[in-house]
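Below: one structure, written as structure tokens.
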Amino acid sequence: MPLANGFLAPEQFDDEYFFELKPAFCENCLTFQIIEQPNPEKMFHDSYAFFSRTSKYMVKHFQDYAEWAMASYFESDRPFVVEIGSNDGVMLENFANKGIKHLGIEPSANVAKEAQKYGVNTIVEFFNAELANRIIAEHGQADAILAANVMCHIPNLHSIAEAVDKLLKLKGVLIFEDPYLGDMIEKTSYDQIYDEHVYIFSAHSVINIFKLYGLELIDVKPQITHGGSMRYVFARQGQRSVSVAVAKQLTYERNQGLHLAPTFEQFRKNCEQSRERLVDLLNKEKAVGHRVVGYAATSKSTTVLNYCAIGSELIEFISDTTPIKQGKYSPGAHIPVRPYAMFTNNYPDAALLFAWNHKKEIMEKETAFTQKGGQWLTYVDV
Ligand code: TYD
């Protein structure tokens, strides 16, 4: 597999980086993860292509996340909140706007620069224990450490947990959300598996890692974002009461077999069937002379296109609203990525919905395409 966000120019085709994307399930810590991950500097750098603000629903989601965190867990008069992987500041701006002391930590300089435009204090670094010490020296310990779609990107969770253990106040909370294993298994949404997603977490697996650092899972909250995510809340052992939602989620996971290896053998078979169906669908469109365009050059689409060996013979181009991706080619499959206007100015017969997780928002926006008889093709039912 190539890098999921490694959109490239033709002169870079010859040097494109590939690695073996091999998922695995650990029967010991119950974690679903990829075995080999590229060096983080290859993925998170000064031309990182993912900006959180590209969806208006996500902007609202982060506003709600921030307000819920403030209402539920802020006890001190002058709280201090830290976000790991703060991207373009879409979450922290909600704290900044209220004058709340905050600090974003973001290794990709280009997205961090965007955050500064929104008045979000950001430092361009990877989060670790050494940085936690510097933050404490300058700002003191944190009331809340937040993350969204970041924790699952970090190979060395021990280093994060150690840093969290240093930075968090006695009554502080660590809150993070990531794509949820239960949803991936239920929907066969194997496109969650790519270089940046080292882990697809379950409640069982996050408990096993953070308990090693004296942190206890005190609440879980399912989210619809990213095709089904879970928000986890941790506190220092015994410092806060544990919601009944935690035991309920653990029961659900055992009923789904998320703690058992054969579940993932079945998942493999389901992925293979999904691949056959999609390739078949696209071949049929081609056979009747239809134009098919990809809708949104998501990270997830890189896994789908490369796993199914789909290229520009089946998909004319991928339409995307992110300027940094436009004019480039999709990783591995080398399908051109074009501005959104190319889609609206000359509707294709069919659009393959790569941003299926934003289906509601996209269907609302694309009524004209649908009304003119445009077909939506999909490989994940939502
Ligand atoms: P997302 O599902 O968040 O991506 P990922 O799989 O990378 O996590 O989708 C973000 C991408 O989708 C981004 O490149 C912008 C694009 N997009 C559109 O082009 N149009 C849209 O209406 C939406 C919602 C996203």
Side-chain angles (χ1 to χ4, degrees), residues 1-8 21 43-44 47-62 85 87-88 90-91 108 110-111 114 147-153 177-180 183-184 187 189-198 200 223-229 293-307 315 317-333 335-345 347-348 351-370 374 376 378-380 382:
M1 284 282 163
L3 298 179
N5 270 309
F7 296 89
L8 69 180
L21 181 68
M43 299 176 283
F44 311 113
S47 47
Y48 184 53
F50 186 88
F51 289 77
S52 299
R53 284 174 207 275
T54 50
S55 154
K56 70 177 180 12
Y57 275 75
M58 289 308 283
V59 174
K60 173 78 170 72
H61 171 77
F62 286 119
N87 198 274
D88 54 15
V90 67
M91 169 130 70
S108 299
N110 61 329
V111 288
E114 191 69 17
N149 309 310
V150 164
M151 211 56 101
C152 77
H153 291 63
E177 60 184 35
D178 285 291
Y180 180 53
D183 286 286
M184 185 181 83
K187 300 185 177 100
S189 44
Y190 66 88
D191 55 354
Q192 293 293 358
I193 306 170
Y194 54 87
D195 54 341
E196 293 176 24
H197 288 176
V198 193
I200 308 291
Q223 306 293 318
I224 57 163
T225 48
H226 286 287
S229 298
V293 161
Y295 194 101
T298 57
S299 324
K300 297 184 289 295
S301 69
T302 297
T303 293
V304 175
L305 293 168
N306 289 281
Y307 176 65
I315 295 179
F317 65 86
I318 308 173
S319 146
D320 197 281
T321 54
T322 314
I324 196 175
K325 296 182 187 178
Q326 298 162 355
K328 294 203 174 132
Y329 289 77
S330 77
I335 300 174
V337 181
R338 299 282 181 246
Y340 175 54
M342 295 263 299
F343 172 76
T344 47
N345 291 347
Y347 282 139
L352 177 56
L353 186 59
F354 286 125
W356 54 268
N357 46 311
H358 298 290
K359 188 173 178 183
K360 187 166 176 280
E361 176 171 355
I362 292 169
M363 292 305 126
E364 281 167 15
K365 196 161 73 177
E366 301 302 349
T367 48
F369 170 64
T370 315
W376 288 101
T378 182
Y379 49 90
V380 175
V382 274

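Counting starts at 1 for both ligands and their atoms, in listed order.
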Side chain to side chain contact (heavy atoms under 4.5 Å, CB included) with Met1: which residues, sequence neighbours excluded? Phe19, Leu21, Asn306, Tyr307

Can you sort out the partners of Tyr329 under side chain to side chain donor-acceptor pair (under 3.5 Å), two or more places apart, ordered by chain and number? none

Sub-3.5 Å pairs, protein N or O with ligand 1 N or O:
residue, atom, partner, partner atom, Å
ligand 1, 2 (O), Lys300, NZ, 2.7
ligand 1, 2 (O), Asn357, OD1, 3.2
ligand 1, 2 (O), Asn357, ND2, 2.8
ligand 1, 2 (O), His358, NE2, 3.4
ligand 1, 3 (O), His358, NE2, 3.2
ligand 1, 6 (O), Ser299, N, 3.2
ligand 1, 6 (O), Lys300, N, 3.3
ligand 1, 6 (O), Lys300, NZ, 2.7
ligand 1, 7 (O), Ser299, N, 2.8
ligand 1, 7 (O), Ser299, OG, 2.4
ligand 1, 14 (O), Asp320, OD1, 3.0
ligand 1, 14 (O), Asp320, OD2, 2.7
ligand 1, 14 (O), Thr322, OG1, 3.2
ligand 1, 14 (O), Lys325, NZ, 2.7
ligand 1, 19 (O), Thr321, N, 3.1
ligand 1, 19 (O), Thr321, OG1, 3.3
ligand 1, 22 (O), Lys365, NZ, 2.5

Is a side-chain N or O of Lys325 found less than 3.5 angstrom from the main chain of Val337, in a donor-acceptor match? no

Residues passing the side chain to side chain contact (heavy atoms under 4.5 Å, CB included) test with Thr344, sequence neighbours excluded, are Tyr340, Ala341, Tyr347

Any donor and acceptor pair, going by atom type alone, linking the side chain of Ser330 with main-chain N or O of Ile335 inside 3.5 Å? yes

Ring-plane angle category for Tyr379 and Tyr190, please: parallel below 30°, perpendicular beyond 60°, tilted otherwise. tilted

